[in-house]
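The model shown is predicted, which means the values in this text are computed figures rather than measured ones. For reference, positions follow the sequence shown, starting with 1. In each ligand, atom 1 is the first atom listed, and ligand 1 is the first ligand listed.
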Amino acid sequence: MHEITGLDSMRAWSRAEKGRGRRIGFVPTMGYLHEGHLRLVDHARQRTDRVVMSVFVNPLQFGPKEDFTTYPRDIARDRGLAAGRGVDVLFVPEGKAMYPTEPMARVVPGPMAEVFEGAARPGHFAGVLTVVAKLFHLVEPDIAVFGRKDFQQAMLVRRMVLDLDFPIEVEVVPTVRELDGLALSSRNAYLNPDERRAALALSRALRAVEQAWRGGQADAVELQRRSIEVLKAPGVNPEYLALVDENLQPVARPNARTVVVTAATVGATRLIDNVVLGEGIAADPTVRAA
Ligand code: PAF
């Protein structure tokens, strides 16, 4: 595995590979890798000839009171995991190279970014789309792979690619869960054992909606009402739970493609999760509960 830090070197590598007829898959991350990120690599490897993974904790997408400085980082461990999974290039740009000055021009994500995560974290998605646009220009991938765990983010990236004519296919890979249902997230590292147990309320609430829907309940308001009760577990502060389509618009009569999105705070940690009704929540037998 090569490690590249320079922006020009990254672009030069990609162009040279493309010149040899190779297709490039790209997995953007903020590091502190877990199995969820590595599944994105697996997907990229199946679809392309070379895989680039970026590790960059992007200051632009953190609010002033958020965890930019304390966000978990372990580049040595990330290197080992990425190399072990077949990443060809680990792109680790420095903050000063990415943002030599405070950027003036940014991507405006539009109304889809004003609800749910965007409402809770003002400016977050402008920061995400701005860095993703920059990374796309530097890596020039054919395919970029995102996790469905960050559903709103993935839909916004898709929309940006469409609206701004990036010649890139965006692929979205299902969430990886621990055996007990907890969705993998770098922020799970913040949870103490009691909080980790409490955090299972999110996947339980999603499972409750899915089961009620499969059982014949077709009214979104009723599905939402029941599952919020499940989310209101001790130690859990529910923020939202809603049934939406891929444009993050509310759905009154859910179908198999409807996505249930939820967020809650457990202790000091804000967690998000979602389920596509037609797919359901499957614990992954290869991932052991912490
Ligand atoms: O999902 C993430 O890890 C980040 O939001 C991303 C897409 C790498 C942009 O910083």
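Among pairs with a residue in residues 215-261, those fulfilling ring pair (Phe, Tyr, Trp, His ring centres under 6.0 Å) read Phe116-Tyr240, at least two apart in sequence or across chains. Residue pairs that meet the ring pair (Phe, Tyr, Trp, His ring centres under 6.0 Å) test with at least one member in residues 166-204, sequence neighbours left out, are Phe136-Phe166, His137-Phe166.
Taking the six-membered ring where tryptophan is involved, the planes of Tyr71 and Phe62 are perpendicular, since the angle between them exceeds 60° and thus also 30°.
Counting only heavy atoms of the protein, atom 9 (C) of ligand 1 lies nearest to Gln61 OE1, 3.3 Å. In terms of protein heavy-atom proximity, atom 7 (C) of ligand 1 is nearest to Gln153 NE2, 3.5 Å.
Heavy-atom proximity to Val131, at under 4.0 Å, picks out these atoms of ligand 1: 9 (C), 10 (O). Here is the list of ligand 1 atoms found below 4.0 Å of a heavy atom in Thr29: 8 (C).
Leu60 places a side-chain heavy atom less than 4.5 Å from the side chain of Tyr99.
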